[in-house]
Amino acid sequence: MTSSIIEIEQLNFKYSQQAEFLFKDFNFRIENHEWVAIIGHNGSGKSTLARLIDGLLQPQSGTITVDQQKLNVENIWEIRQKIGMVFQNPENQFVGANVAEDVAFGLENQAVPYDLMHQRVRAALQRVNMLQFADQEPVNLSGGQKQRVALAGVIALQPKVIILDEATSMLDPEGRRDVIQLIHELKMQHDFTIISITHDIDEAALADRVVVLDDGKIIESAPPEQVFAHGKELVSLGLAVPFSEKIKAALTQRHVKVPAQYYTEQRMVDWICQSISKM
């Protein structure tokens, strides 16, 4: 029995205004409980892929299987209950008069009994440290707080898969760090399957696997340390590289021998300190 929760086979897709297919005979798998970060330049197909998985777009041919069910027009709503999606701008998802009502909206659509709905809304808001804002209007929240509310709405639905479509891109650095840390904690505690569509290297670095997408083709699919070690190749694709890799490149230009493998920022700092102490 397969352990994949998402399987894409021989997918072909193009937008109506396109002459060429964006995805051509595209194959892709995501394992159950895996965190996959999908990175690529603008227009590479990242967000399109997320919308195909969620059924917001329909391919011209091929199959998309979610949790052992092949996605089609008959079961699209059933499959969407297994997927929670958080978009770039959380305000586009707000429909309630206050935070609690907004988190409850999806549960109301699923006809969850009131007492159970109240419990799940409270638990979800508590999980993202937003319970004290339950009665506030979402418009009065900061960007990071709004994204936490959006995440609470997804958590309350208890999906199997969470798709984060550039969910941290509009936040300031502090808000971005907080939300990324929260996503990491949610993954560790609830074992969701997570798909991050992102430009944020810090977010991608926490994933189990990083997929580099370029014009609808998978260029690389490997653990973060393997992908980020290819700094020059990432730059050639218009992508950012981790700060630690930039440091290594700068040191190499000064004829300093640096580690071949990928180091996180903290590990790079430790290596530099150890190197200095040996001088």
Side-chain angles (χ1 to χ4, degrees), residues 33 35 37 47 50-51 53-56 76-200 202-204 206-207:
H33 309 311
W35 182 347
S47 292
R51 285 160 170 75
I53 292 171
D54 196 43
L56 295 172
I76 187 170
W77 295 109
E78 181 181 352
I79 285 181
R80 280 184 182 167
Q81 290 183 16
K82 301 179 180 183
I83 300 173
M85 204 157 179
V86 180
F87 295 96
Q88 183 180 50
N89 189 346
E91 292 184 2
N92 294 338
Q93 296 178 254
F94 291 150
V95 293
N98 59 43
V99 166
E101 288 182 10
D102 192 81
V103 175
F105 180 76
L107 298 174
E108 291 175 338
N109 286 341
Q110 293 184 10
V112 174
Y114 177 81
D115 288 344
L116 178 58
M117 179 172 63
H118 179 75
Q119 292 174 16
R120 283 166 65 170
V121 167
R122 182 179 177 83
L125 285 173
Q126 193 165 26
R127 184 64 201 85
V128 301
N129 297 320
M130 289 296 293
L131 185 59
Q132 67 270 35
F133 299 95
D135 296 325
Q136 288 200 21
E137 295 181 23
V139 70
N140 294 326
L141 303 177
S142 69
Q145 289 171 333
K146 290 174 182 177
Q147 206 59 288
R148 284 175 175 269
V149 173
L151 278 167
V154 168
I155 294 167
L157 291 170
Q158 299 180 354
K160 292 191 174 183
V161 179
I162 295 180
I163 299 177
L164 307 164
D165 190 2
E166 300 284 7
T168 64
S169 64
M170 296 182 67
L171 304 180
D172 59 32
E174 183 178 359
R176 188 177 300 118
R177 284 193 300 270
D178 288 347
V179 171
I180 290 172
Q181 182 58 37
L182 174 60
I183 294 166
H184 179 61
E185 292 172 2
L186 291 172
K187 171 65 173 64
M188 297 296 291
Q189 294 174 10
H190 298 279
D191 227 6
F192 293 116
T193 298
I194 294 179
I195 305 171
S196 296
I197 310 297
T198 185
H199 283 95
D200 193 298
D202 293 330
E203 182 178 335
L206 291 173

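The side-chain heavy atoms of Asn89 and Lys146, taken from C-beta on, include no pair separated by under 4.5 Å. Taking 4.5 Å as the limit, every side-chain heavy atom of Pro159 sits out of range of all side-chain heavy atoms of Ile83. Side-chain contact between Trp35 and Ile183: present, with at least one pair of heavy atoms (C-beta onward) separated by less than 4.5 Å. Side chains of Leu125 and Arg148 form no contact here, defined as non-hydrogen atoms less than 4.5 Å apart. By the 4.5 Å heavy-atom criterion applied to side chains, Thr168 and Ile180 are counted as neighbours. At a threshold of 4.5 Å between non-hydrogen side-chain atoms, the residues Leu151 and Leu164 count as touching. Inter-residue side-chain proximity for Leu186 and Arg127 is flagged as met; some heavy-atom pair is nearer than 4.5 Å. Annotation: side chain of Ile163 is not in contact with side chain of Val86 (no heavy-atom distance under 4.5 Å).
Panel note: side chain Ser196, backbone Thr198; no donor-acceptor pair is recorded below 3.5 Å. Using modelled atom types, no side-chain atom of His33 and backbone atom of Phe192 make a donor-acceptor pair closer than 3.5 Å. Under the 3.5 Å distance criterion, the side-chain polar atoms of Asp172 are matched with a main-chain donor or acceptor of Glu174.
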- request: In sequence, state the C-alpha distance, the side-chain angles, and the governing distance for Val99 and Leu141, and then conclude on side-chain contact (heavy atoms from CB on, under 4.5 Å).
  value: CA-CA 10 Å; Val99 166; Leu141 303 177; 3.8 Å; yes
message: Working note: Glu203 + Arg176, criterion salt bridge (Lys or Arg N to Asp or Glu O under 4.0 Å); need CA distance, chi angles, decisive distance, verdict.
response: CA-CA 9 Å; Glu203 182 178 335; Arg176 188 177 300 118; over 6 Å; no
task: Take Arg80 and Leu56, measure what side-chain contact (heavy atoms from CB on, under 4.5 Å) needs, and give me the verdict at the end.
output: CA-CA 10 Å; Arg80 280 184 182 167; Leu56 295 172; 3.5 Å; yes
- prompt: Are Leu157 and Gln110 close enough, and set up right, to give a side-chain contact (heavy atoms from CB on, under 4.5 Å), and what steps lead you there?
  reply: CA-CA 9 Å; Leu157 291 170; Gln110 293 184 10; 3.5 Å; yes
message: I'd like to know whether Gln136 forms a side-chain contact (heavy atoms from CB on, under 4.5 Å) with Asn98, so could you lay out the CA-CA distance, the side-chain angles of the two residues, the decisive distance to 0.1 Å, and finally the verdict.
response: CA-CA 5 Å; Gln136 288 200 21; Asn98 59 43; over 6 Å; no
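Taken to the nearest 0.5 Å, the CD1 atom of Ile197 stands 12.0 Å off from the CD atom of Gln88. Atom-to-atom distance recorded for Arg177:CZ and Asp200:CG is 10.5 Å, nearest 0.5 angstrom. One distance of note links CD of Gln81 with NZ of Lys160; it measures 12.0 Å at 0.5 Å rounding. Considering CZ of Phe133 and OG of Ser142, their distance stands at 7.5 Å, rounded to 0.5 Å. Taking CD1 from Ile79 and CD1 from Ile53, the interatomic distance works out to 11.5 Å, rounded to the nearest 0.5 Å. Interatomic distance, OG of Ser169 versus NE2 of His199, reported as 8.5 Å (0.5 Å rounding).
Heavy-atom minimum distance, Ala156 versus Val103: CB-CG1, 3.9 Å. Annotation for Val128 and Ala152: closest pair CG2-CB, 3.8 Å, computed over non-hydrogen atoms. When every heavy atom of Gly144 is checked against every heavy atom of Leu171, the shortest pair comes out as N-CD2, 3.6 Å.
At most 12 heavy atoms of other shown residues, nucleotides or ligands fall within 6.0 angstrom of atom CZ in Arg122. Within a 6.0 Å sphere centred on NE2 of His118, other residues, nucleotides and ligands contribute 12 heavy atoms or fewer.
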